[in-house]
*Asks:* 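Got a structure for you, written out below as structure tokens; questions coming shortly.
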Amino acid sequence: VAGMLAVARAATKVKPAPKRSMIFLVVTAEEQGLLGSQYYAQFPLYPLEKTLANVNIDDNLSMWGRTKDTMVIGLGNSDLDDYLKDVADELGKTLTPDGEPEKGFYYRSDHFNFAKVGVPALNTDDGDIVIGKPDGYGRQKKDYYTEHDYHQPSDDVKADWDMTGFAEDAKMLFAVGYRVANADKFPEWKPGNEFKAVRDEMLAMRDLTDKPWGINIAQLFVRNPMDVVDLVAGKLAGSIPLGTSPEGAGISADGRWVAAAVEEGNEVMFIDTSTRQKVFDVKVKGRNPEHAVFSPDGKTVIVSAEEGEA
């Protein structure tokens, strides 16, 4: 947390200021199943399709001194590795792959919840080659920490820590975030990455939501999942998983919301198109709702039902 706060403080003082917002998020309940980051990924402060990247600062700043290397968990996953390599080259550091891939570390820290919803995520670890120390020193210190201090009451600041490496690693990750924030394009997952399809679909949806969705722009194919077609481009823009098959649906003029009429339960589901997640549902008076249409100002949804009022 201290490292993240130092990076956040630097972001408020750097000149020129970042072109895009930088969010510093301290999440809870990682050890209980990454629950804090999962909540943010489901209910983000900013739309995920406009979130460029996630840089994880979790137990990855060297406490043993400056190192000649930086380990990358999931090296080769995304363009963020390229940003990191540029900064590492300037610092005279090399990037090394995860030394224990069989332990699945990429899937065990909070950045994973961002990756799952498509946001490119970078996860590093401090290097093993400590400057001025004998070979194997860094690995020895890590192994001792894992065996004796990790998840133990003794996991506290130690008198023999050398924070010069901590500071350098924090500056390196800050530089990555700053350059991403000022770049002309979004970082992408590398071809073949398991999260690339989710991101590509998300950005296709963003391209539609950046302009009004109306009858001439988009059409919903009502089924589960619901397909959204860009009528101008003449191609599938994305899909929205619903968990059930609606009778009819409408899209708000700003493209942010879909209202889906569901006979089962006599309800209208409201889906946030940025996350493609149901946010809430509303029970209707009539039976078997069939259609849901937004008013032009997006403040009202008109629902028609097979029987009774709606």
Side-chain angles (χ1 to χ4, degrees), residues 1-14 16-58 60 78-80 83 109-123 170 173-189 195 198-213 238 240-241 251-259 269-281 294 298-299:
V1 175
M4 191 204 69
L5 291 175
V7 172
R9 189 176 296 112
T12 67
K13 298 179 178 180
V14 65
K19 293 180 181 178
R20 297 180 176 90
S21 300
M22 298 177 73
I23 302 174
F24 294 87
L25 189 67
V26 183
V27 293
T28 190
E30 186 214 33
E31 300 296 344
Q32 283 68 45
L34 314 181
L35 299 183
S37 56
Q38 180 183 28
Y39 182 88
Y40 184 90
Q42 292 177 343
F43 304 101
L45 293 174
Y46 297 92
L48 295 176
E49 76 273 13
K50 295 182 179 180
T51 300
L52 274 68
N54 172 266
V55 178
N56 192 2
I57 303 178
D58 177 20
N60 54 2
S78 75
D79 293 344
L80 296 177
Y83 283 95
S109 191
D110 285 304
H111 67 278
F112 177 50
N113 278 318
F114 289 86
K116 284 198 299 185
V117 295
V119 177
L122 176 67
N123 186 31
L173 294 179
F174 166 69
V176 171
Y178 180 73
R179 294 180 189 192
V180 170
N182 288 318
D184 294 330
K185 63 186 291 289
F186 280 37
E188 299 177 359
W189 295 104
F195 306 114
V198 177
R199 183 63 163 180
D200 290 348
E201 183 178 332
M202 176 191 294
L203 295 185
M205 293 286 287
R206 178 206 64 184
D207 293 340
L208 286 182
T209 58
D210 279 346
K211 54 191 175 184
W213 272 8
I240 302 173
I251 309 173
S252 62
D254 62 4
R256 180 64 189 272
W257 295 96
V258 167
M269 301 168 52
F270 287 84
I271 298 102
D272 183 340
T273 60
S274 67
T275 62
R276 294 192 290 286
Q277 300 285 331
K278 183 180 81 168
V279 178
F280 61 91
D281 52 53
F294 282 88
K299 296 181 179 180

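In this text the structure is predicted, and so the values were computed from the model without any measurement.
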*Asks:* Can you confirm whether Ser78 sits close enough to Glu188 that some side-chain heavy atom of one is under 4.5 Å from a side-chain heavy atom of the other?
*Replies:* no
*Asks:* Would you please name every residue forming a ring pair (Phe, Tyr, Trp, His ring centres under 6.0 Å) with Phe294, sequence neighbours left out?
*Replies:* none
*Asks:* Which heavy atom of Pro18 sits nearest to which heavy atom of Val14, and what is that distance?
*Replies:*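 Nearest heavy atoms, Pro18 then Val14: CD-CG1, 3.9 Å.
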*Asks:* Can you list everything that forms a side-chain contact (heavy atoms from CB on, under 4.5 Å) with Leu25? Sequence neighbours excluded, please.
*Replies:* Val27, Tyr40, Phe114
*Asks:* Of all heavy-atom pairs between Ala41 and Asn113, which one has the smallest distance, and what is that distance?
*Replies:*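 For Ala41 versus Asn113, the nearest heavy atoms are CB-O, 3.7 Å.
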*Asks:* Only counting residues at least two apart or in another chain, list the ones meeting ring pair (Phe, Tyr, Trp, His ring centres under 6.0 Å) with Phe270.
*Replies:* Phe280
*Asks:* Apply the test side-chain contact (heavy atoms from CB on, under 4.5 Å) to residues Met4 and Val26: give CA-CA distance (whole Å), side-chain angles for both, the deciding distance (0.1 Å), then the verdict.
*Replies:* CA-CA 9 Å; Met4 191 204 69; Val26 183; 3.1 Å; yes
*Asks:* Which heavy atom of Ala121 sits nearest a heavy atom of Trp189, and at what distance?
*Replies:*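 Shortest heavy-atom contact: N-CH2, 3.6 Å.
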*Asks:* According to side-chain hydrogen bond (donor to acceptor under 3.5 Å, both in side chains), who are the partners of Asp110, at least two apart in sequence or on a separate chain?
*Replies:*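 Asp110: side-chain hydrogen bond (donor to acceptor under 3.5 Å, both in side chains) contacts with Ser37.
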*Asks:* Applying side-chain contact (heavy atoms from CB on, under 4.5 Å) to Trp257 and Ile251, what does each step give before you reach the verdict?
*Replies:* CA-CA 6 Å; Trp257 295 96; Ile251 309 173; over 6 Å; no
*Asks:* Got a sec, which residues hit side-chain contact (heavy atoms from CB on, under 4.5 Å) with Val198, two or more places apart in sequence or on another chain?
*Replies:* Arg276
*Asks:* Using residues 176-185 as the side-chain source, report each donor-acceptor pair under 3.5 Å to any protein atom, sequence neighbours left out, with the distance given to one decimal.
*Replies:*
| residue | atom | partner | partner atom | Å |
| --- | --- | --- | --- | --- |
| Tyr178 | OH | Pro16 | O | 2.6 |
| Arg179 | NH1 | Glu90 | OE2 | 3.1 |
| Arg179 | NH2 | Glu90 | OE1 | 2.8 |
| Arg179 | NH2 | Glu90 | OE2 | 3.2 |
| Asn182 | OD1 | Lys19 | N | 2.9 |
| Asn182 | ND2 | Tyr178 | O | 3.1 |

*Asks:* Who are the side-chain hydrogen bond (donor to acceptor under 3.5 Å, both in side chains) partners of Asp272, not counting sequence neighbours?
*Replies:* Arg256, Ser274
*Asks:* Side-chain contact test, heavy atoms from C-beta onward, threshold under 4.5 Å: evaluate it for Leu122 versus His111 and give yes or no.
*Replies:*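 A side-chain contact is absent here, since even the closest heavy-atom pair is not under 4.5 Å.
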*Asks:* Please name all residues satisfying ring pair (Phe, Tyr, Trp, His ring centres under 6.0 Å) with Phe43, sequence neighbours left out, ordered by chain then number.
*Replies:* Tyr39
*Asks:* Check the pair Ser109, Asn123 against side chain to side chain donor-acceptor pair (under 3.5 Å), reporting the backbone distance first and the verdict last.
*Replies:* CA-CA 8 Å; Ser109 191; Asn123 186 31; 4.9 Å; no
*Asks:* What heavy-atom pair brings Pro187 and Pro120 nearest, and what distance separates the two atoms?
*Replies:*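 Where Pro187 meets Pro120 most closely, the heavy atoms are O-CG, 3.5 Å.
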*Asks:* Taking all atoms of both residues into account, what is the closest heavy-atom pair of Glu49 and Phe186, and its distance?
*Replies:* O-CE2, 3.4 Å
*Asks:* Out of curiosity, Leu48 CG to Gln42 CD, how far, rounded to the nearest 0.5 Å?
*Replies:* 10.5 Å
*Asks:* Can you tell me how far apart CD1 (Ile271) and NZ (Lys278) are? Round to the nearest 0.5 Å.
*Replies:* 8.5 Å
*Asks:* Can you find a heavy atom in the side chain of Val7 that is under 4.5 Å from one in the side chain of Ile57?
*Replies:* yes
